[in-house]
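Quick notes on the structure that follows.
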Amino acid sequence: MSGTLYVVGTPIGNLGDITSRQLEVLEMVHIIAAEDTRVTRKLLSHFDIHTPLVSYHEHSTQSVIDGLLGRLMQGENVAVVTDAGMPCISDPGAKLVLQAQQAQIAIQVVPGPSAVISALAVSGQDTGRFCFEGFLSVTKKQRHAHLEALRNETRTMIFYEAPHKLLQTLRDMGAVFGDDRSVSLCRELTKIHEEVHKTTFGDAVAYYESHTPRGEFVLVIAGADESADTESFSMEDALEMVRGRIGQGQRAADACREVAADTGFSKRDLYRALMEE
């Protein structure tokens, strides 16, 4: 009988946020797959836990995954953690979970704090519908394409950003979404210097041009005004435009992106509707 893979959340800053169940599982499993063993070892040492660690991160080879799956198949229990928050969310743990599912290995979640949800909750932005976009690419072309695809996104958008890239990211976002678009900058969540600043891209750029950003940021951005650009087109109108472009030889993704820019519908919604036909 195979063991169980536990997906274990850890505190995003304040160690007081750890749960008794997380501690029980981290102490009970045979091994912990950690993004950075140095970070996880500090956490374990704080709570006097001595479970062996193995390094598992975005650059790990398939042989590392195979080794973990092999131990699970032999009946051992394995926990996967990230440096902070929930593993598998914009995190290589997702690949391990997928392959464990394919191998019919039991998987259990041991939930904990999430920077995405924590930031959204205190952002002051609309929380009814949202999308998580992770980190922007460091490549200028890919960053631009990512943001352009979201130009007409009406849901609240959530991004991660490092302090040394924050100012350029705010400039790039302001250029696409508009300097007057509302953004909440959530910094150092659950830590001593936690701060949530709701402002506009224009004001945020002006502020950080004279103040060096410090700490990790979560950006929570208001979605586009739903009534601004979609009044003259129905979804069926937009889909017909997409079909026409595909009929002329365009790739579906490219057709959806261009029609989204023309009609105000999101590329994602157009593509989803197209695939459901």
Side-chain angles (χ1 to χ4, degrees), residues 3-61 63-72 75-100 105-122 132 134-135 158-164 186-196 213-218:
T4 299
L5 174 63
Y6 292 91
V7 179
V8 183
T10 55
I12 60 176
N14 191 322
L15 293 182
D17 292 334
I18 203 160
T19 69
S20 58
R21 185 175 175 224
Q22 289 167 1
L23 293 174
E24 289 169 4
V25 170
L26 292 175
E27 189 167 26
M28 172 272 293
V29 295
H30 295 86
I31 194 167
I32 299 171
E35 180 181 12
D36 187 329
T37 56
R38 296 166 299 180
V39 172
T40 301
R41 187 169 288 112
K42 290 179 181 178
L43 175 69
L44 298 183
S45 296
H46 182 83
F47 292 103
D48 197 27
I49 295 174
H50 305 283
T51 306
L53 296 169
V54 61
S55 178
Y56 174 65
H57 47 75
E58 62 178 331
H59 302 298
S60 294
T61 62
S63 64
V64 174
I65 296 178
D66 290 341
L68 292 169
L69 294 176
R71 298 184 71 148
L72 285 159
E76 293 189 12
N77 295 316
V78 176
V80 59
V81 301
T82 188
D83 289 349
M86 284 300 298
C88 307
I89 308 301
S90 192
D91 173 82
K95 188 175 181 179
L96 177 59
V97 166
L98 174 61
Q99 294 194 33
I105 291 169
I107 304 170
Q108 289 189 24
V109 64
V110 187
S114 164
V116 175
I117 300 303
S118 299
L120 178 64
V122 297
F132 173 56
F135 285 98
I158 306 173
F159 289 83
Y160 286 155
E161 194 51 277
H164 66 282
C186 306
R187 184 176 74 89
E188 294 289 89
L189 292 171
T190 78
K191 301 177 184 178
I192 294 174
H193 299 294
E194 177 178 321
E195 179 183 53
V196 178
R214 300 185 186 281
E216 299 300 316
F217 286 81
V218 183

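Using a 4.5 Å cut-off on side-chain heavy atoms (C-beta onward), L43 and T10 make contact. Side-chain contact check for M86 versus V109: some heavy-atom pair is nearer than 4.5 Å. Looking at heavy atoms from C-beta onward, I158 lies in side-chain contact with V218 at the 4.5 angstrom threshold. Proximity of I12 to S118: side-chain heavy atoms (C-beta onward) are separated by under 4.5 Å at one or more points. P111 has its side chain within reach of R21: a pair of non-hydrogen atoms, C-beta onward, lies under 4.5 Å apart. Using a 4.5 Å heavy-atom threshold, the side chains of M28 and Y6 count as touching. Between Y160 and F132 there is a side-chain heavy-atom pair separated by less than 4.5 Å. Side-chain contact check for V116 versus L120: every heavy-atom pair is 4.5 Å or farther apart.
Between L68 atom CG and S63 atom OG the span is 10.0 Å, to the nearest 0.5 Å. To the nearest 0.5 Å, atom OG1 of residue T37 and atom NZ of residue K42 are 11.0 Å apart. Separation of atoms CG (D66) and CZ (R71) is listed at 14.0 Å; rounding is to 0.5 Å. The structure places OH of Y56 at 14.0 Å from OG1 of T40, a figure rounded to the nearest 0.5 Å. Considering CD of Q22 and CD1 of I49, their distance stands at 10.0 Å, rounded to 0.5 Å. Atom NE2 of H30 and atom CD of E76 lie 5.0 Å apart (nearest 0.5 Å).
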Full working for side-chain contact (heavy atoms from CB on, under 4.5 Å) between E35 and V81:
CA-CA 7 Å; E35 180 181 12; V81 301; over 6 Å; no
Evaluate the criterion side-chain contact (heavy atoms from CB on, under 4.5 Å) for residue pair V78 and V29; output intermediate values, then yes/no.
CA-CA 6 Å; V78 176; V29 295; 5.9 Å; no
Step by step, would you call H57 with D36 a side-chain contact (heavy atoms from CB on, under 4.5 Å)?
CA-CA 7 Å; H57 47 75; D36 187 329; over 6 Å; no
side-chain contact (heavy atoms from CB on, under 4.5 Å), that's the test. Do L44 and L26 meet it? Break it down for me.
CA-CA 8 Å; L44 298 183; L26 292 175; 4.2 Å; yes
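Nearest heavy-atom pair across P113 and P11 is CG-CA, 4.2 Å. In terms of heavy-atom proximity, L189 sits nearest to A115 at CD1-O, 3.8 Å. Summarising the geometry of V196 relative to C186, their closest heavy-atom pair is CG1-SG, 4.0 Å, with the distance given to 0.1 Å. Contact between S90 and G134 at its shortest, heavy atoms only, is OG-CA, 4.3 Å. The shortest heavy-atom contact between V8 and P87 is O-CD, 3.2 Å.
For the pair S114 (side chain) and G85 (backbone), a donor-acceptor distance under 3.5 Å is absent. Without hydrogens or angle criteria, N77 side chain to L5 main chain gives no donor-acceptor distance under 3.5 Å.
For CZ of R214, the number of neighbouring non-hydrogen atoms (other residues, nucleotides, ligands) closer than 6.0 Å is 12 at most.
Using a 3.5 Å distance cut-off with no hydrogens or angles, the side chains of D48 and H50 do pair a donor with an acceptor.
Put simply, the residue from T4, L69, L96 that forms a side-chain contact (heavy atoms from CB on, under 4.5 Å) with I105 is L69.
Residue pairs meeting the salt bridge (Lys or Arg N to Asp or Glu O under 4.0 Å) criterion with at least one member in residues 186-196, sequence neighbours excluded: R187-E195, E188-K191.
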